[in-house]
Each structure stands twice: as C-alpha cells, then as structure tokens.
Amino acid sequence: MLENSKDYWNNEYWEDNIKNNKTDFMKDNWMEKYSEKIMEAESKKAIDLGCGIGQDTKWLLHKEFDVISCDISDTA
C-alpha cells in the first residue's frame, strides 16, 4: 500500500505503529530542542501538517500559538 494513501495511514500505520506500540508519542519533545528559535516567531501562528495524534500541536498550543492542524488520516 502506498504510504501517501489515506487507507495506509488509517489502517496499516495506525495498527502497526501507534495502536500496538508502547511508545508514548505525546512525550516526544523534539520541538523543545528548538524552543528558543520557535518562540522568536512574530505571529505565533503555526500549521501542523501531518499532525498525527497531535503532540506537536499540543506543544505549540501550550506555548500560546494559534495552530491549524490537519492530517490525511481520519484515525489520527
């Protein structure tokens, strides 16, 4: 199945990597590494493309950003 298809993200990726995985994706703090630079943004607006389960959106909202989030997957 193609990785850019909605069916792939809704079914295969979700089942194999999210639902059955013990990793807590909400604790993935990669953006924290760039926090100083991100906080320099003038507009405090962001678009989270391919947001998945929303861990980056949550981080940005906590930093008082206005965020638009979208993902091809209905499940995510």
Side-chain angles (χ1 to χ4, degrees):
M1 189 174 295
L2 296 175
E3 290 181 11
N4 62 348
S5 77
K6 190 175 189 175
D7 285 337
Y8 170 79
W9 291 104
N10 280 345
N11 300 314
E12 285 189 37
Y13 184 81
W14 179 260
E15 290 293 323
D16 294 343
N17 296 295
I18 307 295
K19 186 177 175 185
N20 297 321
N21 194 326
K22 302 295 183 201
T23 303
D24 186 349
F25 288 94
M26 294 307 283
K27 291 183 180 177
D28 180 7
N29 296 352
W30 74 270
M31 292 181 73
E32 196 64 43
K33 179 178 174 182
Y34 303 99
S35 182
E36 187 175 319
K37 202 62 159 164
I38 292 169
M39 295 310 293
E40 290 177 7
E42 236 177 86
S43 69
K44 297 291 189 241
K45 294 183 180 187
I47 299 175
D48 187 359
L49 301 175
C51 65
I53 60 174
Q55 68 272 26
D56 296 339
T57 295
K58 183 178 177 182
W59 187 90
L60 288 163
L61 289 170
H62 181 72
K63 301 292 186 186
E64 300 182 359
F65 275 74
D66 181 17
V67 185
I68 295 173
S69 307
C70 60
D71 198 287
I72 193 172
S73 171
D74 297 328
T75 306

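Heads up: numbering here begins at 1 and tracks the sequence.
Between Thr57 atom OG1 and Asp71 atom CG the span is 9.5 Å, to the nearest 0.5 Å. Asp66 contributes atom CG, which lies 10.0 Å from atom CD1 of Ile47 (distance to the nearest 0.5 angstrom). In this structure, OG in Ser35 is found 4.0 Å from CH2 in Trp59, a value given to the nearest 0.5 Å. Atom CD of Glu40 sits about 10.5 Å away from atom CD1 of Ile38, to the nearest 0.5 Å. Atoms CG and CG, from Asp48 and Asp56 in turn, are 5.0 Å apart once rounded to the nearest 0.5 Å. Atom-to-atom distance recorded for Ile53:CD1 and Ser69:OG is 12.5 Å, nearest 0.5 angstrom.
Residues Ser5 and Ile72 come closest through the heavy atom pair C-CD1, 4.3 Å. The heavy-atom pair separating Met39 from Lys44 by the smallest distance is O-NZ, 2.6 Å.
Within 6.0 Å of atom CD in Glu64, 12 or fewer heavy atoms from other residues, nucleotides or ligands are found, so the atom counts as exposed in its surroundings. Environment of NZ in Lys45: sparse, with no more than 12 heavy atoms of neighbouring residues, nucleotides or ligands closer than 6.0 Å.
Two different hydrophobic clusters hold Leu49 and Tyr34 under the rule that ILVMFWY side chains link at heavy-atom gaps under 4.5 Å. If you chain together hydrophobic residues whose side chains sit under 4.5 Å apart, Trp30 and Val67 fall into the same group.
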